[in-house]
Amino acid sequence: MSISGDNSFVIINDSEFNTLQNLVATPINESQWEKIYDKTGHRIFKQDIPGKNYNRYCTIGSFPIRLQTLYRVFTDCSLRKQWDEYTIDTRIVRQSQEHELIYWTYKFPFPMSNRDYVLTRRTKINENETEISIIMKAVTIADLPEKKDFVRVVEYEQYLNFKRINDIDTEYFCISSFDIGGTIPSFIINWALSKGVAQFIKQTIEAANIIERAPK
């Protein structure tokens with residue numbers, strides 16, 4: 001998706017949030033998805049995308065983390081660099097009301113090249129502040145060209161929903177699809193996703209603890 005100027009913020013419509021809420025409310029039809037991970041209250045499913053050489057993923061689970069804290073763990077760029085060992089750099093380039101333009105560089109294991117992303121992100125919080133929805137999409141803009149020695153990810157979408165269960169627990173629902181470029185077999189991507197879940201869960205909880213212990 002190519003954009004320029006302030007139009008970069010007018011690309012995620014309210015209708016897409018309505019679609020996300022419908023997905024959250026609809027149980028996963030396992031006849032249409034392949035389950036690739038199911039442990040410790042977290043499940044990952046994958047689905048083919050017609051006409052594409054990459055998959056769509058659905059991740060469902062919960063964390064023993066307060067809603068606002070979990071939201072900050074996932075969206076605070078400065079904090080992300082502290083707890084996610086694969087994030088090289090991430091920063092908000094521009095903001096406009098509910099939209100943010102984000103630049104992200106991500107470390108990939110040798111011999112693969114590292115990746116960089118330019119993402120637009122929009123967040124909506126419901127009236128009771130019990131649910132937070134986030135949509136992110138890759139975009140292309142002239143003043144953020146591909147960085148030397150990085151592979152630019154140009155196809156990326158993530159639909160993420162956090163919902164308060166109680167004072168200390170939050171459930172999440174995430175649909176994502178991405179083409180990280182190169183010729184990486186899908187079974188390697190699936191393996192990396194399933195193997196990395198336990199570490200990601202651990203790091204997420206540790207990051208939440210850092211936030212909760214910080215002086216108010």
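Note that this is a predicted model, so its numbers are computed, not measured.
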Working to the nearest 0.5 angstrom, can you tell me the gap between [X] [atom1] and [Y] [atom2]?
X: Ile175; Y: Gln158; atom1: CD1; atom2: CD; answer: 10.5 Å
X: Asp14; Y: Thr19; atom1: CG; atom2: OG1; answer: 11.0 Å
X: Lys35; Y: Glu30; atom1: NZ; atom2: CD; answer: 4.5 Å
X: Ile205; Y: Thr69; atom1: CD1; atom2: OG1; answer: 12.5 Å
X: Thr90; Y: Asp76; atom1: OG1; atom2: CG; answer: 9.5 Å
X: Thr75; Y: Ile132; atom1: OG1; atom2: CD1; answer: 8.0 Å

Exercise for review: Indicate if Ile88 and Val118 have the same hydrophobic cluster label, given that clusters are the connected sets of ILVMFWY residues with side-chain heavy-atom separations under 4.5 angstrom.
Suggested key: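 Looking at the clustering, Val118 is in a separate group from Ile88.
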
Review point. Hey, any chance Leu23 and Phe45 share a hydrophobic cluster, counting ILVMFWY side chains that come within less than 4.5 Å of each other, even indirectly?
Key: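 Same hydrophobic cluster.
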
Check your understanding: When you look at Thr26 and Asn22, which way does the side-chain hydrogen bond (donor to acceptor under 3.5 Å, both in side chains) test go after all the steps?
Key -> CA-CA 6 Å; Thr26 305; Asn22 290 335; over 6 Å; no

Check your understanding: Given the rule in the side chain to side chain contact (heavy atoms under 4.5 Å, CB included) test, do Glu157 and Glu16 qualify, once you have shown the distances and angles that lead to the verdict?
Key -> CA-CA 12 Å; Glu157 290 187 346; Glu16 296 188 68; 5.8 Å; no

**Study point:** Residues which pass side chain to side chain contact (heavy atoms under 4.5 Å, CB included) with Asp89, listed by chain and number, not counting sequence neighbours
**Key:**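 Result, side chain to side chain contact (heavy atoms under 4.5 Å, CB included) vs Asp89: Lys81, Arg91, Thr105.
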
Exceeds 12 heavy-atom contacts within 6.0 angstrom, atom [atom1] of [X]:
X: Glu85; atom1: CD; value: yes
X: Tyr86; atom1: OH; value: no
X: Lys202; atom1: NZ; value: no
X: Asp48; atom1: CG; value: no

Exercise for review: Indicate yes or no: does Asp116 engage Arg152 in a salt bridge with an N to O separation below 4.0 Å.
Suggested key: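 Yes, Asp116 and Arg152 are salt-bridged.
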
Exercise for review: Using a strict 4.0 Å threshold on nitrogen-to-oxygen distance, state whether Asp84 and Lys107 make a salt bridge.
Suggested key: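 Answer for the salt bridge query: no.
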
Review point. Step by step, would you call Trp104 with Arg80 a side chain to side chain contact (heavy atoms under 4.5 Å, CB included)?
Key: CA-CA 11 Å; Trp104 201 324; Arg80 186 79 184 218; 3.7 Å; yes

[X] side-chain N/O to [Y] backbone N/O, donor-acceptor pair under 3.5 Å:
X: Thr170; Y: Ile65; value: yes
X: Arg115; Y: Ser113; value: yes
X: Glu98; Y: Lys124; value: no
X: Asp179; Y: Tyr54; value: no
X: Arg72; Y: Leu79; value: no

Taking all atoms of both residues into account, what is the closest heavy-atom pair of [X] and [Y], and its distance?
X: Ile12; Y: Ile135; value: CD1-O, 3.4 Å
X: Leu67; Y: Lys163; value: CD1-N, 4.3 Å
X: Arg56; Y: Ser177; value: CA-CB, 4.1 Å
X: Ala138; Y: Val153; value: CB-O, 4.0 Å
X: Ala25; Y: Pro27; value: O-CD, 3.6 Å
X: Glu146; Y: Phe150; value: OE2-O, 2.8 Å

Taking the side chain as everything from C-beta on, heavy atoms only, tell me whether [X] gets closer than 4.5 Å to [Y].
X: Asn114; Y: Tyr106; answer: no
X: His42; Y: Phe63; answer: yes
X: Asn55; Y: Glu34; answer: no
X: Cys77; Y: Ile92; answer: yes
X: Tyr37; Y: Thr59; answer: no
X: Tyr159; Y: Ser133; answer: no

Point to revise | Worked check of salt bridge (charged side-chain N to carboxylate O under 4.0 Å, His left out) between Glu155 and Lys52 | key: CA-CA 11 Å; Glu155 294 194 59; Lys52 300 288 185 179; 3.2 Å; yes

Check your understanding: Given the rule in the side chain to side chain contact (heavy atoms under 4.5 Å, CB included) test, do Arg94 and Ile141 qualify, once you have shown the distances and angles that lead to the verdict?
Key -> CA-CA 12 Å; Arg94 288 199 290 273; Ile141 59 174; 3.8 Å; yes

Check your understanding: Centroid-to-centroid, Trp33 to Tyr57, below 6.0 Å?
Key ->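 They do not qualify: ring centres at least 6.0 Å apart.
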
Practice item. Examine Phe74 together with Tyr172 and report whether their ring centres are nearer than 6.0 Å. Key: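 That pair fails the under 6.0 Å test.
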
Practice item. Dump the intermediate steps for side chain to side chain contact (heavy atoms under 4.5 Å, CB included) on Leu70 and Thr204, then the final yes or no. Key: CA-CA 8 Å; Leu70 186 60; Thr204 299; 3.8 Å; yes

